[in-house]
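Everything below concerns the one structure shown next.
First the proteins, then the strands, lettered A, B, ... as listed; each starts at 1.
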Amino acid sequence: MREISVERITEAIREMCMEANYTLSPDMQEALNRAQCTEESPLGEEILSMLAQNLKVAKEEKIPICQDTGMAVVFLEIGQDVHLSGGSLTEAVNRGVALGYKEGYLRKSVVKDPLIRENTNDNTPAVIHTEIVDGEHVKITLAPKGFGSENMSKVYMLKPADGREGVKERIVTAVKEAGPNACPPLVVGVGIGGTFEKCALLAKKALLRETGEPHPDAHIAALEQEIMKECNELGIGPAGLGGSSTVLAVHIETFATHIAGLPVAVNICCHVNRHCSREL
Amino acid sequence: MKKIITTPLTEEVTTNLTAGDIVSITGVIYSARDAAHKRMTETLAAGGALPFEIKDAVIYYLGPSPAREGQVIGSAGPTTSGRMDAYTPQLLELGLRGMIGKGKRSAEVIETMKKTKAVYFAAVGGAGALLSKHITKSEVIAYDDLGTEAIHKLYVEDFPAIVVIDCKGNSLYK
Ligand code: SF4
């Protein structure tokens, strides 16, 4: 049994809120650079070069990459041989978010009640997903999510007869509808299978994958490639102003499902696909 | 070729802008997003006055991140304009001449823009750090309690934008 104080979790999350909002992970930066090299529209290319400059300014001057610094989504993988001590885990996570958003001059974008809509003023609560895993470590992943792209996400409960083509068609349609609203070039996270909520969580987790890394199953990897190609033929382009870089990557995660169902979730993410991880 | 435009934005200028034009904007503009639009509409319904001169004004759909000490403003890129569509026709009828945001607009907004000779510009979404460098003054002039959603009077210099919907209703978005 290993003991870990929840204070360390607070501290890690505080730092990660700032890190994720000032810098993109190297794989995201590379994906954007690649897009700049292949973009066919001159305006599209100019926009991609603005995005590259934006990342530079953000990193150097510690200005958030985007003013929508997101709702904090926190994934915790907790080893089953860990004992968390020193207080409530949920409170520790939220304290980390509140501290990070204040100290980092990040925007507070969370309202307490979805209908009354009063700002909580510290960007809490975070959305927390915990999973108990083997071992004696805690892995924390923070993914602040902006809502321009979150709002364009979808869950479909397809029929088994819809099959591969049906799945493909829905994902491409979701990207088409997202268009300029979701700040393309996009990363498209997809969950196929499971239940209603499981596929949505898979889609969210798919956004955390190293950008452009293919799925280990060859038939899913092929589907990712096909969808990406079709999306990039839509002509939406950077900022939705036309061009060949609409999607930087399509990441699909799958899970077993029921004989009667084919759930599909599409979590759209903008080019500011922020995430960072730490292991304690 | 970049077209240089200044605010207040007159009909003479907007009628010469076409979807696809790249522009540079200099002058005073106002930030307003969801909550500020809701409140402006409520104010008008109650017979009150808007917190700024709407005639020939430009609204930037923006909720900035907080400024550090010594900064004018934090990150300051556009938010999705479509959420303001329900409130926009009324403001256009009152003289609102330009809007800066990102994303599609409703058919009703576009029809009203044609009638009132207004234009809709896109700023690059997710480029808030870079765009903040073009804002040289910022002051909250109304609805302070709304935090980031308060109305800011902004002075922009050489602010880069693209005409996506012109006053003839042509749109650059597919
Ligand atoms: S969709 Fe992404 S890039 Fe666009 S405004 Fe929201 S967080 Fe920023």
Name the residue from B:I100, B:L154, B:I29, B:T136 that meets the side chain to side chain contact (heavy atoms under 4.5 Å, CB included) definition with B:F159.
B:I100
Could you tell me which portion of A:Y22 (side chain, backbone, both or neither) has an atom closer than 4.5 angstrom to a non-hydrogen atom of chain B?
side chain
Region of B:L146 in contact with chain A, defined by heavy-atom distances below 4.5 Å
neither
Where does B:P160 contact chain A at under 4.5 Å (heavy atoms): side chain, backbone, both or neither?
side chain
Less than 4.0 Å between a side-chain N and a carboxylate O, is that true for A:K168 and A:E165?
yes
In terms of heavy-atom pairs under 4.5 Å with chain B, which of A:N21, A:I47, A:D68, A:I63 leads?
A:I63
Per-residue tally against chain A (heavy atom, under 4.5 Å) across B:G125, B:G103, B:P66 peaks at B:P66
Using the rule given for salt bridge (charged side-chain N to carboxylate O under 4.0 Å, His left out), can you reason through B:K114 versus B:E111, listing the C-alpha separation, both sets of side-chain angles and the distance that settles it, and then say yes or no?
CA-CA 5 Å; B:K114 280 157 76 176; B:E111 278 314 304; 3.2 Å; yes
Could you check whether any side-chain heavy atom of B:P78 comes within less than 4.5 Å of a side-chain heavy atom of B:L131, counting everything from C-beta outward?
yes
Which one of A:N119, A:T69, A:L241 has the most heavy-atom pairs closer than 4.5 Å to chain B?
A:L241
Between chain A and each of B:V124, B:L62, B:V164, count heavy-atom pairs under 4.5 Å; write down the option with the most.
B:V124
How about B:H37 and B:Y61: are their ring centroids closer than 6.0 Å?
yes
Top contributor to chain A contacts, counting heavy-atom pairs under 4.5 Å, from B:Q71, B:R68, B:E149, B:R83
B:R68
Given a strict heavy-atom distance threshold of 4.5 Å, which part of A:E60 is in contact with chain B: side chain, backbone, both, or neither?
neither
Contacting moiety of B:A35, where chain A heavy atoms sit under 4.5 Å
neither
Here the pair of heavy atoms bringing A:D122 nearest to A:Y101 is O-CB, 4.3 Å
What's the spacing between A:S245 OG and A:E40 CD if we round to 0.5 Å?
8.0 Å
Could you measure the distance from the CD1 atom of B:I165 to the CD1 atom of B:I110? Nearest 0.5 Å is fine.
4.0 Å
Which atoms of A:L55 approach chain B - backbone, side chain, both or neither, heavy atom under 4.5 Å
neither
Please test B:Y60 against B:I25 for side chain to side chain contact (heavy atoms under 4.5 Å, CB included), starting from the C-alpha separation and ending with a verdict.
CA-CA 12 Å; B:Y60 184 15; B:I25 306 171; over 6 Å; no
Chain A contact via B:S132 - which portion, at a heavy-atom distance below 4.5 Å:
side chain
Is A:K62 close to chain B through its backbone or its side chain, or both, or neither, when contacts mean heavy atoms under 4.5 Å?
both
Please look at B:I22 and chain A and tell me whether the side chain, the backbone, both or neither of the residue comes under 4.5 angstrom of a heavy atom of that chain.
side chain
Under a 4.5 Å cutoff for heavy-atom pairs, which residue among B:G82, B:G63, B:G20 has the most contacts with chain A?
B:G63
Partner of A:P185 by side chain to side chain contact (heavy atoms under 4.5 Å, CB included), out of A:L32, A:N273, A:V247, A:I236
A:L32
Taking A:E46, A:E61, A:K56 one by one, which has the highest count of heavy-atom pairs under 4.5 Å against chain B?
A:E61
By a 4.5 Å heavy-atom criterion (distance strictly below it), what part of B:A127 contacts chain A: side chain, backbone, both, or neither?
both
Partner of A:I65 by side chain to side chain contact (heavy atoms under 4.5 Å, CB included), out of A:L24, A:V57, A:T23
A:L24
